[in-house]
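Shown next, in structure tokens, is the structure this report addresses.
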Amino acid sequence: MHIKDTERRWWKEGIVYQIYPRSFKDANGDGIGDLQGIISKLDYIASLGVDIIWLNPVYDSPNDDNGYDIRDYRKIMDDFGTMEDFDRLLAGMKSRNLRLIMDLVVNHCSDEHQWFQESKKSRSNPYRDYFHWWPAEKGLPPKRWSYFDVAENAWAYDKTTDAYYLHYFAVKQPDLKWENPNLRREIYDMMHFWFQKGVDGFRMDVIPFISKDTSYPEIDAQEPHEYIAYYANGPQVHTYLHELNREVVSQYDAFTVGEGPGISIDQALDFVDQKRQEIDMFFHFDLMSLDRKPGEVFTMREDAWTLPEFKKIFSDWDTAFAKAGWGSLFLANHDFPRAVSRWGNDSPEHWRNSATLLHTFLLTMRGTPYFYQGDEIGMTNAYFDHIDDYRDINTINRYQLLQNSNGDLERFIENEKYAARENARTPMQWDSSPHAGFTSGTPWIKVIQNYKEGINVAAQEKDKHSVLEYFKEVVALRKSNLTLVYGAYECLNPDDEQVYAYLRTSTTERILILLNFSDTVAHYVLPAHVSYNRIKKLISNDKILDDTTYKEFRLYPWQAIVYELEK
Ligand code: NOJ
């Protein structure tokens with residue numbers, strides 16, 4: 001495929017592998033993953049064929065929200081190691097041609113950060129204005145909902161200065177006041193610090209939340225989810241992102257990907273159109289909301305999601321980015337259940353095909369694909385059915401809230417089995433030794449027992465038909481084919497409930513992808529406008545059942561096939 005050099009970017013052609021350090025590999029036996037553990041697995045990561053690593057927060061933190069509450073942005077968390085370990089890790093990545101993006105958590109920090117410790121000392125402290133304070137003499141602040149608060153109240157009272165501070169997340173995660181140019185300067189300096197060490201970019205936590213209407217008008221919302229629209233995209237969001245780009249990111253060969261709760265498809269290009277010089281990509285939340293109650297991030301919807309709904313999300317977003325900007329593709333991360341359990345079928349019968357179908361899907365779509373650790377071996381949900389197994393502030397505080405109001409706790413746990421973030425946070429399954437080879441100590445969270453049944457790296461490395469080996473093959477296919485990166489996308493059957501069929505087309509090539517998203521054999525007929533003289537199979541996760549006419553295809557349950565069509 002011929003692509004203008006001006007349009008090509010390493011971060012468009014790259015494949016991202018996300019590491020949740022707490023659960024990746026423990027080197028010192030304390031039961032918690034660490035940087036030395038990651039260093040010991042760099043050859044493994046390189047063997048996957050991925051190019052970029054996204055590290056969830058590794059900064060010093062009291063761990064109220066597993067590192068998303070940062071106490072010191074320039075120090076490594078003790079649980080994870082030291083700055084020397086970090087430097088060694090980065091050098092190890094560079095020597096293997098792996099790039100690194102860090103997590104940038106700057107909507108809030110920890111209440112133990114020196115800025116907040118100072119800020120709460122007095123109303124005249126130089127750091128007072130680094131946070132959002134509401135003086136008590138003005139009366140109660142207007143209601144704001146909080147994600148992780150047991151009382152769902154985002155304003156916490158602090159008696160030293162007789163004022164309330166704002167925390168959209170936990171009470172120990174006060175929101176930073178971006179309106180203050182001194183704060184912004186400190187954040188930009190901190191980003192330069194990491195760039196000068198050699199990192200290649202940032203994933204930006206809840207980035208649309210950084211700008212707020214600081215007059216705090218009363219909000220006409222009753223339900224938690226209605227608040228979110230008010231939280232995202234405040235009046236200055238584009239000014240700040242443009243400034244951040246100009247002051248920092250544009251000075252390096254780097255990219256940024258924002259976490260984008262509340263960014264709608266109509267607003268997408270305001271963030272990522274290159275002309276605007278703000279951010280390069282973001283994660284929208286449409287897919288992550290598909291199996292949830294409308295507007296509710298944490299509660300499962302009652303009926304099942306459908307394939308036409310799934311396709312529409314991908315098609316609509318592809319259309320948006322076809323005009324400008326660039327999209328990101330992901331099926332899972334540390335905040336959501338496992339891809340194969342959620343979008344595939346993790347029963348023994350369909351687990352292998354559905355895991356590999358999802359790999360085929362993500363690696364044949366337009367946009368930068370992001371894989372979460374363990375997905376390459378088809379790790380499944382934990383399905384914890386007891387509150388004592390959960391470590392996440394999100395599940396624990398919502399449980400508490402319900403207990404306080406005599407709510408239905410059994411129903412809650414049933415929901416969490418499918419919805420909880422913990423599903424994705426169990427230790428990486430390395431081999432069949434105790435605790436799946438994750439630690440020689442006691443793991444901080446339970447290991448899923450199916451590591452004994454082949455869902456582990458060592459077993460799959462030995463089996464050429466494994467989910468892992470297929471993952472590497474389809475990664476290699478994408479890396480050798482620019483049409484799969486840049487080519488136009490066309491969905492051929494938006495209403496089909498069973499098969500997802502699409503074309504990726506460039507000036508030189510046309511690729512047909514057929515995916516059977518179901519537990520039964522499917523029959524698919526190519527539309528008349530797709531004509532060709534020769535067809536060549538590029539990859540499939542199962543043997544070919546029937547494509548003899550090359551107009552009609554039969555696909556095994558969860559089968560994926562990629563064909564090249566020749567004129
Ligand atoms: C999004 C992160 O991905 C999540 O893990 C965290 O709890 C919240 N932002 C708050 O930082």
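As the structure lists them, so they are numbered: ligands from 1, and atoms in each ligand from 1.
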Once you measure the plane-to-plane angle for His334 and Tyr372, does it fall in the parallel (<30°), tilted (30-60°) or perpendicular (>60°) bin?
tilted
Trp343/Phe361 aromatic ring centres below 6.0 Å
no
Should you measure from each heavy atom of Glu259, which atoms of ligand 1 turn up under 4.0 Å away?
1 (C), 3 (O), 9 (N)
among protein heavy atoms, the one nearest atom 7 (O) of ligand 1 is Asp65 OD2, 2.5 Å
Could you tell me the residue and atom name of the protein heavy atom closest to atom 9 (N) of ligand 1, and the distance to it rounded to 0.1 Å?
Asp205 OD1, 2.8 Å
Kindly say whether the aromatic ring centers of Trp194 and Tyr59 come within a distance under 6.0 Å.
yes
Quick one: does NZ or CZ of Arg99 land under 6.0 Å from the six-membered ring centre of Trp10, within 45 degrees of the ring axis?
yes
On a heavy-atom basis, I'd like to know which of Asp335, Asn333, Asp64 is closest to atom 5 (O) of ligand 1.
Asp335
Would you mind listing which atoms of ligand 1 come within a distance below 4.0 Å of any non-hydrogen atom of Arg421?
4 (C), 5 (O), 6 (C), 7 (O)
One finds that the ligand 1 atoms under 4.0 Å from a non-hydrogen atom of His108 are 10 (C), 11 (O)
So, Asp291 and Arg301, do they make that salt bridge, N to O below 4.0 Å?
no
I'd like to know whether Glu296 forms a salt bridge (Lys or Arg N to Asp or Glu O under 4.0 Å) with Arg398, so could you lay out the CA-CA distance, the side-chain angles of the two residues, the decisive distance to 0.1 Å, and finally the verdict.
CA-CA 13 Å; Glu296 287 195 34; Arg398 281 166 47 244; over 6 Å; no
Does a side-chain heavy-atom distance below 4.5 Å link Tyr168 with Gln173?
no
Just distances here: any N/O of His334 and N/O of ligand 1 closer than 3.5 Å?
yes
Which atoms of ligand 1 have any heavy atom of Phe148 under 4.0 Å away?
7 (O)
Below a 4.0 angstrom heavy-atom separation, can you tell me which part of Tyr147, side chain or backbone, both or neither, approaches ligand 1?
neither
Just jot down the ligand 1 atoms closer than 4.0 angstrom to any heavy atom of Arg425, in number order.
5 (O)
